[in-house]
> 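Below is the structure I would like to discuss, written out as structure tokens.
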Amino acid sequence: MRRCIKYSDNFGRSFMNDVKAQMKEKLKEITVSALAKAVEEGALSLDGIPDFAIEVPQAREHGDFAANVAMMAARTAKMPPRKIAEIIKDRMDIAGTGVERVEVAGPGFINFYLSPTWAHGVIPVILSEKENYGRQDIGKGRKVQVEFVSANPTGPMHMGNARGAALGDALASVLEMVGYDVEREFYINDAGNQIENFGLSLEARYLELLGYESSIPEGGYHGEDIKDHMRELIEKEGDKFLSWDSAERRAYFVEYALKKNIARMKEDLKNFGVTFDVWFSERTLHESGKVQEVIRLLTERGYTYEKDGALWFKATAFGVPKDEVLVRQNGIPTYFAADIAYHKDKFDRGFDWVIDIWGADHHGHVPRVKGALAALGYDPEKLTIIIMQLVRLYRNGEIARMSKRTGRAVTLADLVEEVGKDAARFFFNLRGADTHLDFDLDLAVKQSEENPVYYVQYAHARISSILRQAKEQGVEVPESGEIAPQDMEKLLSELISEAEIELIKKLADFPEVIKVAATTLSPYRITNYTMELAAAFHSFYNACRVLTEDPNLTKARLMLVKAVQQVLRNAFNILGISAPERM
RNA sequence: GCGCCCGUAGCUCAGUAGGACAGAGCAACGGACUUCUAAUCCGUGGGCCAGGGGUUCGAAUCCUCUCGGGCGCGCCA
């Protein structure tokens, strides 16, 4: 008969796979009841339970967990923290909790020393939860949209877009992991001045290729890709556009090249492991009248005025240093007007939360958009804009802005080709969005110990190798369901060396890492975690043999490494890097 | 000039909603492969957390000023 292991019936779904959070909760309860007892007995006088934390001390000597309750209570209790800590400690009931001893230390910490096997239960949890280990329900199914990359469709994507892609996709995945209903969106800037310039540039190249005198306008696009588009078009259609009206001709060229560029972007992003649910065209906002509508609404609400022949938005009414133009003198709405309409549209589509990832060069735009949303009666708090610092590219030890060969910046496609999807995505998510990222192409390419992505993938490959050999030897990794809880506990109690304990504790950290990564919108924490987990595994690997003469020890260690492999995979999935079976 | 971001070991950066002596990788040096992958491990050295002041029982973390770097401040997007 199969028996299902239940580690907790009285905790919610988010706790079910988080043995660490369960332990923290348990210790908090012990502490609170001891505190309540002390108050009841008159040993302490407090007006309520202080908002204290159970945390993991930095130093091992300080135990497995610590409570800072005494320091928090010192003020209202009018008593030195150490004394309060003693009072609480003396009233703690630790019977049957796994707590071996409690000590008061330092300025007044209450340190908990647990049995070294306290976290062992995480292994069967991981083996039965599998890809769901780490999953939580913070989002409660709320709809969130993550808009990222949104590169100009006038040319290929660059390194900044690549960083945005890696960050946005990983962020979307983390939010999915914690229970949000996530949609990934790409905003196509297929309208406005830049499209005008794009058309003029295409036309100039077309004429030039057919032997006519022409030049790229001010602010136009000089890249080789513009020429390539027109060369290709001439091959297919010849010189028939020479007789066309210039405006119609340009519109045709733009249509033609845009379609190609967008297809190319989709392809490049796919090769980078990123796919979007929605590709949203800016032009549709103009065509559907949504831009006009938003201008009308702002005017109705009294937030616009005319000056110098243009229509302005009173951004200063929302704490923005300067008012902004909505409609130019020539009657054409600005990008800003379209962006207001775009964000209104996002909320009208029913998203509870909207996240935009923008490059640092757009940060001045943030308060304006939020102000405009507030003017329209939307809650600007529901819009989170992550400002991503720019990427500096290094090659041969110096800043590489342009590729000499092509005369253009390094593209996302170049990056994937040169360093590979895994290394690139790992690098981009190694740091927070705030940091000015230095991307060292030589280092990323290097297949050596200097390159951290191989370090974590190697851990996965090593485990795969062990599992392959176990199979060859006919050794089965026990399924968690087929062992009764007591037997499981006994089996896992074999794992008591320092390397094993450390590794198991790392496994228990995972749900918390996911939670913090999600709530602080920082997928890089998961990247850092994979390195810590890999380090703990590699140490274990060098200290302990998995396939031994002892069948029980072998079983226990096989379960452990399989759990490590599972957690690595779960993390890799979020980061969008592959989990190689061999290296 | 004004606004946003950043400043932690020689280099690249962590530091978990302020917590106990500040951590990791790389680089440097010294060790470990007839044993499940040495793309690994173990060990050693290395710091006025840019600087001053403030809040706090307690500050790399919060406030303020100064210095240094990046990015904005278009009827571009």
Side-chain angles (χ1 to χ4, degrees), chain A residues 53 55-59 61-62 66 68 70-72 74-75 80-82 105-109 111 150 152 154 189 191-195 197 219 282 307-312 320-322 324-330 332-336 338-339 359-367 387-390 392 430-438 440 443 447-455 457-459 461-470 473 499 509 512-513 515-517 519-520 522 524-525 528 531-532 534-535 537-548 557 561 582-583:
Chain A
E55 40 196 32
V56 178
Q58 284 176 37
E61 313 88 78
H62 294 134
N68 62 351
M71 283 97 89
M72 305 296 277
R75 186 187 288 273
R82 284 197 67 113
F109 286 103
N111 293 337
S150 298
N152 274 334
T154 51
N189 300 131
N193 256 334
Q194 60 179 7
I195 293 298
N197 286 329
E282 177 184 354
K307 196 182 86 179
D308 305 330
L311 188 72
W312 295 70
V320 182
K322 214 171 123 303
E324 291 296 322
V325 173
L326 287 170
V327 183
R328 288 184 272 255
Q329 225 171 25
N330 62 13
I332 298 170
T334 58
Y335 169 84
F336 176 52
D339 220 18
D361 50 341
H362 287 67
H363 78 256
H365 194 52
V366 174
I387 293 301
M388 192 181 64
Q389 298 301 314
L390 273 22
R392 240 187 338 198
L430 213 44
R431 319 263 179 258
D434 281 2
T435 62
H436 305 268
L437 187 80
D438 290 334
D440 187 331
L443 180 61
Q447 302 207 355
S448 76
E449 56 188 4
E450 291 171 62
N451 192 335
V453 69
Y454 295 102
Y455 184 84
Q457 289 184 320
Y458 184 49
R462 264 184 157 173
I463 295 169
S464 303
S465 174
I466 295 170
L467 295 174
R468 271 196 304 273
Q469 294 190 38
Q473 295 174 18
D509 283 341
E512 190 180 23
V513 170
K515 182 183 163 189
V516 173
T519 53
T520 62
S522 311
Y524 77 90
R525 287 174 188 280
N528 285 320
M531 291 202 288
E532 289 174 15
F537 168 74
H538 287 310
S539 291
F540 158 81
Y541 182 90
N542 278 274
C544 311
R545 238 192 113 75
V546 175
L547 304 172
T548 66
R557 286 187 175 160
V561 298
R582 300 167 203 273
M583 285 173 79

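Owing to the predicted nature of the structure, the values given are computational and were not obtained by experimental measurement. Lettering of chains follows the sequences in order, A, B, ..., and the numbering in each one begins at 1.
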> Syn or anti for rA20(B), taking syn as within 90° of 0?
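You should classify rA20(B) as anti.
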> List the residues meeting ring pair (Phe, Tyr, Trp, His ring centres under 6.0 Å) with His538(A), not counting sequence neighbours, and say none if there are none.
Tyr455(A), Tyr458(A)
> Listed by chain and number, what are the salt bridge (charged side-chain N to carboxylate O under 4.0 Å, His left out) partners of Asp339(A), not counting sequence neighbours?
none
> Applying a 4.0 Å non-hydrogen cut-off, can you work out what Asn330(A) is touching in the nucleic acid: base, sugar-phosphate, or nothing?
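It contacts nothing in the nucleic acid.
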> How is Glu61(A) classified with respect to the nucleic acid when contacts are heavy atoms under 4.0 Å: base, sugar-phosphate, or nothing?
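Glu61(A): base contact, heavy atoms under 4.0 Å.
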> If the condition is side chain to side chain contact (heavy atoms under 4.5 Å, CB included), which residues does Asn68(A) pass it with, not counting sequence neighbours?
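Applying side chain to side chain contact (heavy atoms under 4.5 Å, CB included) to Asn68(A) gives Phe52(A), Ala53(A), Met71(A), Met72(A), Phe109(A).
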> Could you work out the separation of rU61(B) and rG69(B) based on their P atoms and round it to a whole Å?
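My reading of the P atoms in rU61(B) and rG69(B) gives 22 Å.
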> For rC41(B) and Tyr455(A) - does any side-chain N or O of the residue sit under 4.0 Å from the phosphate oxygens OP1/OP2?
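Answer is yes, contact under 4.0 Å.
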> Out of rC36(B), rU40(B), rC75(B), which has the shortest distance to the side chain of Arg462(A)?
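Among the listed nucleotides, the one closest to the side chain of Arg462(A) is rU40(B).
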> Mind checking whether Cys544(A) and Arg557(A) have side chains closer than 4.5 Å, heavy atoms only?
yes
> Closest nucleotide of RNA chain B for His538(A) versus for Asn152(A): which of these residues is on the 5' side?
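The answer here is His538(A).
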> I need the CZ-C1' distance between Arg525(A) and rU16(B), as an integer number of Å.
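Rounded to whole Å, this separation is 5 Å.
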> Heavy atoms under 4.0 Å, any strand shown: does Ala66(A) hit a base, just sugar-phosphate, or nothing?
base
> Rounding to a whole Å, what distance do you find between Arg545(A):CZ and rA32(B):P?
20 Å
> Hey, which sits more toward the 5' end of RNA chain B by its nearest nucleotide, Pro57(A) or Gly192(A)?
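Its nearest nucleotide lies further toward 5', so the answer is Pro57(A).
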> In Watson-Crick or G-U wobble terms, both distances under 3.5 Å, what is the partner of rC11(B)?
rG25(B)
> OP1 or OP2 of rA17(B) sitting under 4.0 Å from any side-chain N/O of Thr519(A)?
no
> Touch check for Thr435(A), heavy atoms < 4.0 angstrom, all strands: base, sugar-phosphate only, or nothing?
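Since only primed, P, OP1 and OP2 atoms lie under 4.0 Å of Thr435(A), the category is sugar-phosphate.
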> Run the ring pair (Phe, Tyr, Trp, His ring centres under 6.0 Å) test against His363(A) and tell me which residues pass, sequence neighbours left out.
none
> Any chance you could list the contact pattern along nucleotides 67-72 of chain B? Use B for base contacts, S for sugar-phosphate-only contacts and - for none, protein heavy atoms under 4.0 Å, 5' to 3'.
--BSBS
> If you compare all heavy atoms of Ala534(A) against all heavy atoms of Ala459(A), which two are closest, and at what distance to 0.1 Å?
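Closest approach of Ala534(A) to Ala459(A): CB-CB, 3.9 Å.
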> Rounding to an integer number of angstrom, what distance separates rG25(B) and rA9(B) when you compare their C1' atoms?
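Roughly 12 Å separates the two C1' atoms.
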> Just the rounded figure in Å: distance from C1' of rA14(B) to CG of Asp509(A).
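Answer to the nearest Å: 15 Å.
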> Does a side chain donor of either Gln389(A) or Asp434(A) reach within less than 3.5 Å of an acceptor in the other side chain?
no
> Taking the P atom of each, how far is rG46(B) from rA22(B), in whole Å?
13 Å
> Roughly how many Å apart are rC13(B) and rG58(B), using the C1' atom of each and rounding to a whole number?
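Their C1' atoms lie roughly 26 Å apart.
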> Sort out the partner of rA39(B) for me: Watson-Crick or G-U wobble, both distances under 3.5 Å, none otherwise.
none
> Using whole Å, report how far CG of Asn193(A) lies from P of rG74(B).
16 Å
> Hey, are the side chains of Phe540(A) and Val546(A) touching, using non-hydrogen atoms and a 4.5 Å cut-off?
yes
> By side chain to side chain contact (heavy atoms under 4.5 Å, CB included), which residues pair with Val366(A), not counting sequence neighbours?
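Partners of Val366(A) under the side chain to side chain contact (heavy atoms under 4.5 Å, CB included) test: Trp358(A), Lys370(A), Ile385(A), Ile387(A).
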> Mind listing the N/O atom pairs, protein and nucleotides 57-62 of chain B, below 3.5 Å?
from: rC57(B); atom 1: OP1; to: Arg75(A); atom 2: NH2; distance (Å): 3.4

> What distance, rounded to whole Å, do you find between the two C1' atoms, one in rU8(B) and one in rA14(B)?
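The answer is 10 Å between these two C1' atoms.
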> May I ask you to say what Ala59(A) touches in the nucleic acid, namely base, sugar-phosphate or nothing, with a heavy-atom cut-off under 4.0 Å?
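Here Ala59(A) touches the bases of the nucleic acid.
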> Using the purine O4'-C1'-N9-C4 or pyrimidine O4'-C1'-N1-C2 torsion, is rC41(B) syn (within 90° of 0) or anti?
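Anti for rC41(B); the angle lies over 90° from 0.
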> Just jot down the side chain to side chain contact (heavy atoms under 4.5 Å, CB included) partners of Tyr541(A), sequence neighbours excluded, or say none.
Arg462(A), Ile466(A), Phe537(A)
> Using a 4.0 Å heavy-atom cut-off across all strands, classify Gln469(A) as base, sugar-phosphate, or nothing.
sugar-phosphate
> When rounded to the nearest Å, what value does the distance between C1' atoms of rG68(B) and rC29(B) take?
34 Å
> Measuring from the side chain of Ile466(A) (C-beta onward, heavy atoms only), which nucleotide among rG19(B), rC36(B), rC6(B) has the closest atom?
rC36(B)
> Round to a whole Å and report the spacing from CG of Leu430(A) to P of rC26(B).
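Distance check: Leu430(A) CG to rC26(B) P gives 13 Å.
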> Quick check on rU16(B): is either OP1 or OP2 less than 4.0 Å from any side-chain nitrogen or oxygen of Tyr524(A)?
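No, because none of the side-chain N or O atoms of Tyr524(A) sits under 4.0 Å from OP1 or OP2 of rU16(B).
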> Pick the P atom in rG70(B) and in rC75(B), then give their distance to the nearest Å.
26 Å
> Could you tell me how far apart Lys515(A) (NZ) and rA17(B) (C1') are, to the nearest whole angstrom?
10 Å
> Describe the nucleic acid contact of Ala53(A) in one word from base, sugar-phosphate, nothing, applying a heavy-atom distance below 4.0 Å.
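The answer is nothing, as Ala53(A) stays clear of every strand by at least 4.0 Å.
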> Answer yes or no for this row: Phe109(A) ring on rA20(B) base, centroids under 5.5 Å, planes under 30°.
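So Phe109(A) counts as stacking on the base.
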> Mind calculating the distance between CZ (Arg431(A)) and P (rA24(B)) to the nearest angstrom?
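The answer, rounded to whole Å, is 16 Å.
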> Rounding to an integer number of angstrom, what distance separates rA27(B) and rC11(B) when you compare their C1' atoms?
7 Å
> Tell me, yes or no, whether the heavy-atom count around Arg468(A) atom CZ, taken from other residues, nucleotides or ligands under 6.0 Å, exceeds 12.
yes
> Provide, to the nearest angstrom, the distance between the CE atom belonging to Met531(A) and the C1' atom belonging to rC41(B).
17 Å
> Going by the rule side chain to side chain contact (heavy atoms under 4.5 Å, CB included), which residues pair with Asp308(A) if we only count those two or more places apart in sequence or in a different chain?
none
